[in-house]
Amino acid sequence: MAYWLMKSEPDVFSFDDLVAKTERGEVEEWHGVRNYAARNNMKAMAVGDQAFFYHSNIGKEIVGIMTIVAPAHPDSTGELNAKGEVVWECVDVQSVRPFPRPVTLAEIKATEALSELELVKLSRLSVSKVSDTEWKLLCKMGGL
DNA sequence: GCCAACGTTGGC
DNA sequence: GCCAACGTTGGC
């Protein structure tokens with residue numbers, strides 16, 4: 001199983017919004033990603049992979065864990081290319097559990113063991129990889 | 001295929 | 001609101 005980190009601006013779509021949807025038995029299509037590196041990460045995801053939900057701009061913290069419930073498929077909001085193909089893809093997600101204690105970007109940056117985290121190194125990438133050791137440490141910092 | 005100009009992201 | 005980082009576009 002692989003681990004990931006996905007960003008969302010909470011005033012657009014927050015972890016609480018995802019929890020509410022999940023409780024209603026719905027899934028969330030992670031649409032709107034328009035960056036090839038981020039898209040490729042989503043194409044590499046498998047059902048059952050887990051991902052941190054990071055609130056960008058407002059909060060700047062990891063607030064919970066979600067899971068991938070559908071592999072990459074055409075983004076319903078994606079435009080077509082000249083050949084009529086859907087260029088952009090996305091996965092579907094559901095919430096797993098919130099962090100008892102959100103882990104802030106400032107804390108992450110202050111942690112030596114997380115200096116290689118893609119969130120830090122590739123700050124503009126909205127869907128990034130998290131290693132097994134980074135995942136475990138971040139869960140611990142989040143109170144799980 | 002190079003590179004300058006421009007647009008977007010996201011932290012501060 | 002500013003700006004650094006970086007991806008994309010388009011002229012040559």
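First the proteins, then the strands, lettered A, B, ... as listed; each starts at 1.
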In whole angstroms, how far is the [atom2] atom of [N] from the [atom1] atom of [X]?
{"X": "K60(A)", "N": "dT9(B)", "atom1": "NZ", "atom2": "C1'", "value": "13 Å"}
{"X": "W88(A)", "N": "dG7(C)", "atom1": "CH2", "atom2": "C1'", "value": "10 Å"}
{"X": "R34(A)", "N": "dG7(B)", "atom1": "CZ", "atom2": "C1'", "value": "16 Å"}
{"X": "E107(A)", "N": "dG11(B)", "atom1": "CD", "atom2": "P", "value": "15 Å"}
{"X": "I62(A)", "N": "dG11(B)", "atom1": "CD1", "atom2": "P", "value": "12 Å"}
{"X": "L125(A)", "N": "dG7(C)", "atom1": "CG", "atom2": "P", "value": "9 Å"}
{"X": "K121(A)", "N": "dC6(C)", "atom1": "NZ", "atom2": "C1'", "value": "15 Å"}
{"X": "M6(A)", "N": "dT9(B)", "atom1": "CE", "atom2": "P", "value": "16 Å"}

Exercise. For the residue pair D75(A) and E89(A), establish whether any side-chain heavy-atom pair is separated by less than 4.5 Å.
Key: no
Practice problem: Compare all side-chain heavy atoms of Q50(A) with those of M45(A) and state whether any distance is below 4.5 angstrom. | Solution: no
Self-check item: Cluster overlap V47(A) with V91(A), hydrophobic side-chain contacts below 4.5 Å
Solution: no
Quiz item: Nearest of dG11(B), dT8(B), dT8(C) to any side-chain atom of Y36(A)?
Solution: dT8(C)
Quiz item: Do R124(A) and dT8(B) share a donor-acceptor pair, side chain to base, under 3.5 Å?
Solution: yes
Practice problem: Tell me whether the OP1 or OP2 atom of dC12(B) has a side-chain N or O from K109(A) closer than 4.0 Å. | Solution: yes
Quiz item: Under 4.0 Å between a side-chain N/O of K7(A) and OP1 or OP2 of dG10(B), yes or no?
Solution: yes
Self-check item: Neighbour count above 12 (heavy atom, 6.0 Å) for K129(A) NZ
Solution: no
Quiz prompt | Touch class at under 4.0 angstrom, heavy-atom based, for L122(A) against every strand present | solution = nothing
